[in-house]
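Letters A, B, ... mirror the listed sequences (proteins, then strands); counts begin at 1. Keep in mind the model is a prediction, meaning the values are calculated, not measured.
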2 protein chains.
Amino acid sequence: MSSSAQKHDVFQAIADPTRREVLRLLAEKERPISEITAHFPMSRTAIAKHLQVLSEAELVHGIKVGREKIYRLQPEPLTELKQWLSFYEKFWENKLSILKHIVESSEDQRLQVIKSEQTDKN
Amino acid sequence: MSSSAQKHDVFQAIADPTRREVLRLLAEKERPISEITAHFPMSRTAIAKHLQVLSEAELVHGIKVGREKIYRLQPEPLTELKQWLSFYEKFWENKLSILKHIVESSEDQRLQVIKSEQTDKN
DNA sequence: TTGACATGAAACCAAATGGTTTTATATAAT
DNA sequence: ATTATATAAAACCATTTGGTTTCATGTCAA
């Protein structure tokens with residue numbers, strides 16, 4: 001599963017369903033590893049490695065408290081995802097016709113593609 | 001690289017930087033495989049497989065035109081990502097107002113992009 | 001018709017991924 | 001002091017991933 005260095009970014013981190021579920025659990029509240037593990041049909045070690053990946057992406061942060069390591073959500077890196085997504089929103093939002101007249105009067109090739117998607121049926 | 005069936009979802013599809021760049025290229029305009037390949041330091045076969053993954057996630061769609069296969073962006077599955085993200089927004093929005101402003105200004109930029117597209121190519 | 005072009009398909013490969021088991025160590029509870 | 005708890009670290013493993021090379025096929029152009 002690796003672990004070394006800066007290898008994992010937020011896109012990779014959320015690609016795995018188990019890790020997304022871990023994030024959801026930590027969104028509710030901070031939890032120690034063993035408590036997180038209890039929600040999955042796999043070993044604590046496996047979950048610990050998932051937490052490492054999430055930690056490299058800085059989506060979670062764990063602190064030692066006594067013999068437990070308590071993880072909490074750190075959602076900030078998701079802003080990168082949001083910004084990435086925002087670029088693509090125009091490609092589906094216009095289908096709600098807000099930009100429809102702009103698209104139809106444009107000579108722009110890219111926007112013509114969008115326009116043809118609306119009428120076409122090839 | 002696999003290919004069989006419904007194996008790839010949108011989260012996995014966008015996890016790879018090459019595939020994100022492919023999406024960006026297709027956001028500009030539809031393109032045949034060879035044209036996409038020209039933007040990368042890898043073989044056409046590799047790009048073709050990336051396109052398969054994107055196709056399984058229904059983020060792109062390719063049609064045969066003559067001897068070319070022309071791919072175009074299909075952004076709809078990204079709404080799933082947006083929905084997933086929206087759940088986490090409340091965890092940072094009232095927490096870091098500076099980041100909030102950055103995100104908002106990037107939305108402004110998106111609108112400016114659309115606006116400039118109307119005149120850019122003419 | 002003969003190439004050149006664009007893609008498809010298959011076999012192959014190294015590295016990464018997602019898991020396991022085993023062993024060790026620190027802390028808590030009795 | 002002893003034992004149970006919580007985690008860490010390492011070795012191991014099968015499958016997937018991201019790439020390659022090679023060969024086959026369909027289409028356009030001269």
Q: Looking at His8(B), does any N or O in its side chain come under 4.0 Å of the phosphate oxygens OP1/OP2 on dT17(D)?
A: yes

Q: Name all residues meeting the side chain to side chain contact (heavy atoms under 4.5 Å, CB included) criterion together with Thr37(B); count only those two or more places apart in sequence or in a different chain, and write none if there are none.
A: Ile33(B), Arg44(B), Ile47(B)

Q: What string of B, S and - do you get for nucleotides 20-27 of chain D, 5' to 3', if B is base contact, S is sugar-phosphate-only contact and - is no contact with any protein heavy atom under 4.0 Å?
A: BB----BB

Q: Looking at residues at least two apart in the chain, or sitting in another chain, which of them share a side chain to side chain donor-acceptor pair (under 3.5 Å) with Glu21(A)?
A: Arg24(A)

Q: Determine which pairs satisfy salt bridge (charged side-chain N to carboxylate O under 4.0 Å, His left out) with at least one residue from residues 31-40 of chain B, sequence neighbours left out, and list them in order.
A: Glu28(B)-Arg31(B), Lys29(B)-Glu35(B), Arg31(B)-Glu35(B)

Q: Only one of Phe87(B), Phe91(B), Tyr88(B) passes side chain to side chain contact (heavy atoms under 4.5 Å, CB included) with Leu78(A); say which it is.
A: Tyr88(B)

Q: Judged by each residue's nearest nucleotide on DNA chain C, which is more toward the 5′ side, Thr18(A) or Ser34(B)?
A: Ser34(B)

Q: Rounded to whole Å, how long is the line connecting atom CD1 of Ile47(A) with atom P of dA8(D)?
A: 13 Å

Q: To the nearest 0.5 Å, what is the distance between CZ on Arg20(B) and CH2 on Trp84(A)?
A: 7.5 Å

Q: Within this structure, what is the CD1-to-C1' distance between Ile63(A) and dT7(D), rounded to whole angstrom?
A: 15 Å

Q: What is the separation between atom CG on Leu51(B) and atom P on dA6(C), rounded to the nearest whole Å?
A: 16 Å

Q: What is the separation between atom CD1 on Ile36(B) and atom C1' on dT7(C), rounded to the nearest whole Å?
A: 12 Å

Q: Only pairs at least two apart or in different chains count here, so list each salt bridge (charged side-chain N to carboxylate O under 4.0 Å, His left out) that has a residue in residues 65-75 of chain A.
A: none

Q: Calculate the interatomic distance between Tyr71(A) atom OH and dA6(D) atom C1'; express it in whole Å.
A: 12 Å

Q: What is the distance from CG of Asp9(B) to C1' of dT16(D), rounded to the nearest Å?
A: 14 Å

Q: Partners of Phe40(A) by ring pair (Phe, Tyr, Trp, His ring centres under 6.0 Å), sequence neighbours excluded?
A: none

Q: Taking the side chain of His50(B) as heavy atoms from C-beta outward, which of dT7(D), dT17(C), dG19(D) is closest to it?
A: dG19(D)

Q: Output the rounded distance in Å from CD (Gln52(B)) to P (dG19(D)).
A: 14 Å

Q: Kindly say if Lys69(B) contacts the phosphate of dG8(C), meaning a side-chain N or O under 4.0 Å from OP1 or OP2.
A: yes

Q: Any idea which of dA8(D), dT7(C), dG18(D) is nearest the Ile33(B) side chain?
A: dT7(C)

Q: Are any of Gln12(A)'s side-chain N or O atoms less than 4.0 Å away from OP1 or OP2 of dT17(C)?
A: yes

Q: Which whole-number value in Å describes the distance from Ile70(A) CD1 to dT27(C) C1'?
A: 14 Å

